[in-house]
Protein chains: 2
Amino acid sequence: MIADEDKVFKALADVSRRKLLDRLHKKNGLTLNQLCEKHDMSRQAVTKHLILLEAAKLVVTQRRGREKLHYINPVPINEIYMRWIGKFEQERVHALHNLKLALKENDHE
Amino acid sequence: MIADEDKVFKALADVSRRKLLDRLHKKNGLTLNQLCEKHDMSRQAVTKHLILLEAAKLVVTQRRGREKLHYINPVPINEIYMRWIGKFEQERVHALHNLKLALKENDHE
DNA sequence: TTGACATGCAACCAAATAGTTGCATAATAG
DNA sequence: CTATTATGCAACTATTTGGTTGCATGTCAA
């Protein structure tokens with residue numbers, strides 16, 4: 001069973017949090033202050049979002065002196081896909097993937 | 001771009017709505033009343049959830065006389081996976097690698 | 001036609017959410 | 001040491017969310 005499926009879904013439900021994940025995806029290991037730049041809200045608001053992302057284990061953190069580094073953790077998203085989304089979509093996604101491969105192969109000819 | 005990415009994520013954020021999708025996945029084309037059975041809430045609460053699922057295009061409906069039939073639609077979930085979740089998964093190994101490096105660095109202190 | 005059944009609509013309520021501000025604490029640079 | 005920087009904590013607020021109840025509408029069966 002997924003430990004905190006609900007936490008993951010709820011964490012992903014907010015566009016600000018998805019944007020934070022996007023930023024960590026582009027550049028991993030950002031500090032809180034770095035994550036606050038380019039976001040139109042207070043540092044404390046960002047902190048709260050990061051707390052939820054951490055609780056959902058979508059982000060893991062590490063202290064370096066007075067800084068807190070944030071790293072994206074893809075495992076929960078993978079689990080969501082494997083155990084929940086997959087049950088609806090697995091066959092379809094695989095079919096599309098195979099189709100894409102086939103078309104790519106065709107390109108090479 | 002995904003038309004209503006936010007609506008889909010928000011629709012999936014509630015456990016009652018995920019359970020409704022589960023039930024439609026097991027047996028498609030259920031009426032509102034059938035969906036209300038086995039759920040510990042009023043018919044109107046279920047209706048509201050179904051409205052959100054419909055708005056996110058996760059469920060499509062069809063009238064048959066005085067009944068309303070509900071069908072699961074896997075397309076939005078597929079899009080979420082392909083365009084959003086996939087981009088994290090592609091980098092999964094890379095991200096884990098960075099995390100491992102960071103933790104290792106911390107060890108050296 | 002009339003009563004029962006299936007769904008729709010609107011007003012209301014409590015709790016959760018997303019945000020704010022102000023102050024506290026801890027680490028680093030000079 | 002002291003000032004600055006980076007983060008943490010707490011109280012407060014407005015809005016959204018998930019639920020309720022009551023009544024209305026539309027369809028079907030007897």
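The shown structure was predicted, so the numbers you read here are calculated from the model rather than taken from an experiment.
The side chain of A:Thr47 lies closest to D:dG8, out of C:dG19, D:dC23, D:dG8. For A:His49, the listed nucleotide lying nearest its side chain is C:dA18; candidates were D:dT7, C:dT7, C:dA18. When distances are taken from the side chain of A:Arg66 to each of D:dT17, D:dT7, D:dA6, the shortest belongs to D:dA6. In this structure, of D:dG19, C:dG19, C:dG8, it is C:dG19 that holds the atom nearest to the side chain of A:Met41. Out of C:dA18, D:dG18, C:dT7, the shortest distance to the side chain of B:Arg63 is found at C:dT7.
Remark: B:Asn33 is not in phosphate contact with C:dC5, judged by side-chain N or O atoms under 4.0 Å from OP1 or OP2. When the side-chain nitrogen and oxygen atoms of B:Lys48 are compared with OP1 and OP2 of C:dC9, none of them lie within a distance under 4.0 Å. For A:Ser42, a side-chain nitrogen or oxygen approaches OP1 or OP2 of C:dT20 to under 4.0 Å. For C:dG19, the OP1/OP2 oxygens have a side-chain nitrogen or oxygen of A:Ser16 closer than 4.0 Å.
With hydrogens and angles ignored, no donor-acceptor pair under 3.5 angstrom links the side chain of B:Arg17 to the base of D:dG18.
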Between B:His49 and B:Val46, does the side-chain contact (heavy atoms from CB on, under 4.5 Å) criterion hold? Intermediate values first, please.
CA-CA 5 Å; B:His49 285 309; B:Val46 174; 5.6 Å; no
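Going from atom CG of A:Leu69 over to atom C1' of C:dA27 covers 14 Å, rounded to whole Å. Rounded to an integer number of Å, the gap from B:Lys7 NZ to D:dT16 P is 14 Å. The interatomic distance linking B:Gln44 (CD) with D:dC23 (C1') rounds to 10 Å, in whole Å.
Note on B:Arg64: nothing from the nucleic acid sits closer than 4.0 angstrom, heavy atoms only.
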